[in-house]
Amino acid sequence: MSFTCFGFSNWCKGTNNHNQQQPEEIATNNVRVFSYNTLRSATANFHPSNRIGGGGFGVVYRGVLRDGTQVAIKCLSAESKQGKHEFMTEIKIISYIRHPNLVELVGCCVEGSNRILVYEYMENNSLATSLLGSKGKHIAMDWSKRAAICLGTATGLAFLHEGIEPPIVHRDIKASNILLDGNLQPKIGDFGLAKLFPDNVTHVTTRVAGTVGYLAPEYALLGQLTKKADVYSFGVLLLEIISGRSSSKAAFGVDLLVLVEWTWKLREEGRLLELVDPELPEYPEDEVMRFIKVALFCTQAAGRQRPTMKQVVEMLSKNVNLNEKALTEPGIYKTHTSQHSGGGGSSNDTSSSQKKKGKQSVIEAVTSIHFDSEQSVTEMLPR
């Protein structure tokens with residue numbers, strides 16, 4: 001069963017159906033159901049000045065409810081084939097997930113052709129905007145803040161993988177889906193591609209969807225989805241937070257490498273600290289090096305060689321010795337069209353045609369997918 005309730009983007013304006021009259025708000029179990037008029041009023045008729053985000057799966061507006069609560073209101077596809085009952089069922093499932101590092105779903109609107117989701121409002125937008133975006137929206141983050149964001153995100157993802165039943169694979173872990181509250185606490189958002197993942201299933205073969213730059217090679221090339229695909233994406237995110245650069249919008253070194261490639265090259269040349277964001281004048285070198293190495297473990301070519309998110313949390317939160325002998329060259333998936341020709345691919349799903357183009361890139365580049373036996377990634381010994 002997949003969470004398909006996020007649909008494709010559409011404008012909220014002009015899709016109201018007045019043939020149905022509903023109470024302004026209805027409480028149904030753990031979900032508040034808002035009327036279209038309530039949300040239209042909260043956003044000043046979805047005024048462009050209230051737009052705070054948008055992409056392949058929706059347009060997001062800042063809104064203020066009648067009780068003064070600020071919310072983020074996300075408009076979904078009016079053409080969705082999913083019926084009202086199925087939409088509400090999946091909304092209820094999502095609404096029962098509560099964790100400090102997951103964005104809370106406040107409610108929804110199911111009226112006429114409208115499908116709208118209402119989330120808690122995150123004052124500092126996303127990592128993509130606050131850390132990796134333009135200088136105008138940039139927020140200065142010292143190492144302690146970045147480390148807390150890394151650990152908080154890892155904790156939220158570990159909860160999805162191992163803290164609920166059945167587990168959930170997010171499938172689209174990236175900087176724009178890591179939202180920051182007023183205290184820069186990270187919360188994972190946008191479960192539009194997420195899949196329920198029963199424990200008795202080793203992997204799911206599925207249509208590839210996600211963002212180029214974050215895709216695990218076995219998922220991008222073979223459509224094989226496991227929790228380890230999320231682990232790979234998280235590893236890329238770690239490198240972005242450390243370097244202050246986007247994996248999908250920047251090329252590195254004279255060879256125009258992708259971020260994971262460049263990191264491995266720096267490791268081979270004994271220059272790993274050159275990865276660190278120049279805006280971090282002071283940082284604990286040992287801890288930063290450990291975080292970089294954790295990212296390399298997360299992006300191993302074979303999913304079986306990557307740690308679980310529970311192990312990642314432990315490696316990030318404790319001063320442990322990492323078993324670097326277990327590290328092998330990371331797996332990399334990239335397409336010719338996404339190979340840094342102006343920063344594309346930030347929110348585009350991959351397609352079968354892209355996959356075909358990308359296969360040769362993967363072979364020609366650094367990728368070699370090894371399916372070796374599992375190795376311990378950490379000796380778990382204090383330094």
Side-chain angles (χ1 to χ4, degrees), residues 147 150-151 153-155 157-158 160-162 167 169 173 202-203 213-222 224-243 247 252 257-276 284-334 362-363 365-383:
C150 293
L151 182 57
T153 305
T155 302
L157 195 50
L160 290 176
H161 286 188
E162 302 173 52
V169 178
I173 294 297
T202 58
H203 73 274
Y214 296 90
L215 293 174
E218 76 281 358
Y219 177 45
L221 294 175
L222 306 175
Q224 292 184 352
L225 178 67
T226 69
K227 297 174 188 176
K228 297 299 182 73
D230 277 353
V231 175
Y232 184 97
S233 300
F234 176 78
V236 176
L237 181 70
L238 265 184
L239 296 178
E240 291 183 314
I241 294 171
I242 294 166
S243 68
S247 65
F252 303 90
L257 305 176
V258 297
L259 184 55
V260 175
E261 284 179 294
W262 187 51
T263 303
W264 183 259
K265 179 179 174 63
L266 291 177
R267 177 185 182 271
E268 294 287 272
E269 297 175 356
R271 301 186 292 127
L272 261 184
L273 287 178
E274 292 184 22
L275 176 74
V276 179
E285 290 190 4
D286 287 349
E287 185 173 60
V288 171
M289 286 287 283
R290 188 174 84 247
F291 274 50
I292 295 173
K293 292 170 184 175
V294 170
L296 287 174
F297 276 114
C298 289
T299 53
Q300 293 289 272
R304 292 180 300 172
Q305 292 178 288
R306 300 171 205 149
T308 65
M309 286 309 304
K310 183 177 180 180
Q311 290 173 320
V312 169
V313 169
E314 191 166 9
M315 290 189 287
L316 292 178
S317 59
K318 297 181 181 179
N319 191 10
V320 297
N321 282 331
L322 298 178
N323 181 15
E324 289 189 61
K325 293 180 180 179
L327 269 180
T328 58
E329 203 166 9
I332 297 155
Y333 167 76
K334 60 184 179 181
V362 175
I363 296 171
V366 189
T367 307
S368 55
I369 304 179
H370 305 288
F371 293 95
D372 302 329
S373 59
E374 288 191 68
Q375 302 183 58
S376 173
V377 297
T378 174
E379 298 169 348
M380 304 311 294
L381 298 174
R383 287 183 177 174

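Sequential numbering from 1 along the given sequence is applied to the chain's residues. Atom set for the values below is all heavy atoms of this structure, side chains included, hydrogens, waters and symmetry mates excluded.
We find the CG-SG distance between Leu238 and Cys150 to be 4.5 Å, quoted to the nearest 0.5 Å. Residue Leu273 holds its CG atom at 6.0 Å from CD1 of Ile292, rounded to the nearest 0.5 Å. Within the model, atoms CH2 of Trp262 and CG of Leu239 stand 10.0 Å from one another, a figure rounded to the nearest 0.5 Å. Distance CD1/Ile241 to OG1/Thr153: 5.5 Å, rounded to 0.5 Å. Interatomic distance, Leu322 CG to Met289 CE, rounded to the nearest 0.5 Å: 10.5 Å. We find the CE-CG distance between Met309 and Leu157 to be 4.5 Å, quoted to the nearest 0.5 Å.
Contact detail for Thr226 and Val169: the closest heavy-atom pair is O-CG1, 3.9 Å. Nearest heavy-atom pair across Lys228 and Gly303 is NZ-O, 3.2 Å. Counting all heavy atoms, side chain and backbone alike, Val236 lies closest to Leu259 at O-CD2, 4.3 Å. When every heavy atom of Gly235 is checked against every heavy atom of Cys298, the shortest pair comes out as CA-CB, 3.6 Å.
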Would His161 and Thr308 count as a side chain to side chain contact (heavy atoms under 4.5 Å, CB included) here? Give the steps. CA-CA 9 Å; His161 286 188; Thr308 65; over 6 Å; no
Stepwise side chain to side chain contact (heavy atoms under 4.5 Å, CB included) test for Phe297 and Val231: CA-CA 9 Å; Phe297 276 114; Val231 175; over 6 Å; no
Go through it in stages, so that I can follow the logic: the residues are Glu240 and Leu237, the test is side chain to side chain contact (heavy atoms under 4.5 Å, CB included), and I'd like the CA-CA distance, side-chain angles, deciding distance and then a yes or no. CA-CA 5 Å; Glu240 291 183 314; Leu237 181 70; 3.7 Å; yes
Decide side chain to side chain contact (heavy atoms under 4.5 Å, CB included) for Leu151 and Val313; before the verdict, give the C-alpha distance in whole Å, the side-chain angles of both, and the deciding distance to 0.1 Å. CA-CA 6 Å; Leu151 182 57; Val313 169; 4.1 Å; yes
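With Arg306 contributing its side chain and Leu296 its backbone, the two residues share no donor-acceptor pair below 3.5 Å. Distance alone, capped at 3.5 Å, is enough to place a donor-acceptor pair between the Gln300 side chain and the Thr328 backbone. For the pair Lys310 (side chain) and Glu162 (backbone), a donor-acceptor distance under 3.5 Å is absent. A donor-acceptor pair is defined here as one N or O able to donate and one able to accept, closer than 3.5 Å; such a pair exists between the side chain of Arg290 and the backbone of Leu316.
Listed by chain and residue number, nothing satisfies the ring pair (Phe, Tyr, Trp, His ring centres under 6.0 Å) test with Phe234 (two or more places apart in sequence, or in another chain).
Of the charged side-chain nitrogens involved, none lies within less than 4.0 Å of a carboxylate oxygen, so that Lys265 and Glu261 do not count as a salt-bridged pair.
Between Tyr232 and Ile173 the shortest side-chain heavy-atom distance does not fall below 4.5 Å.
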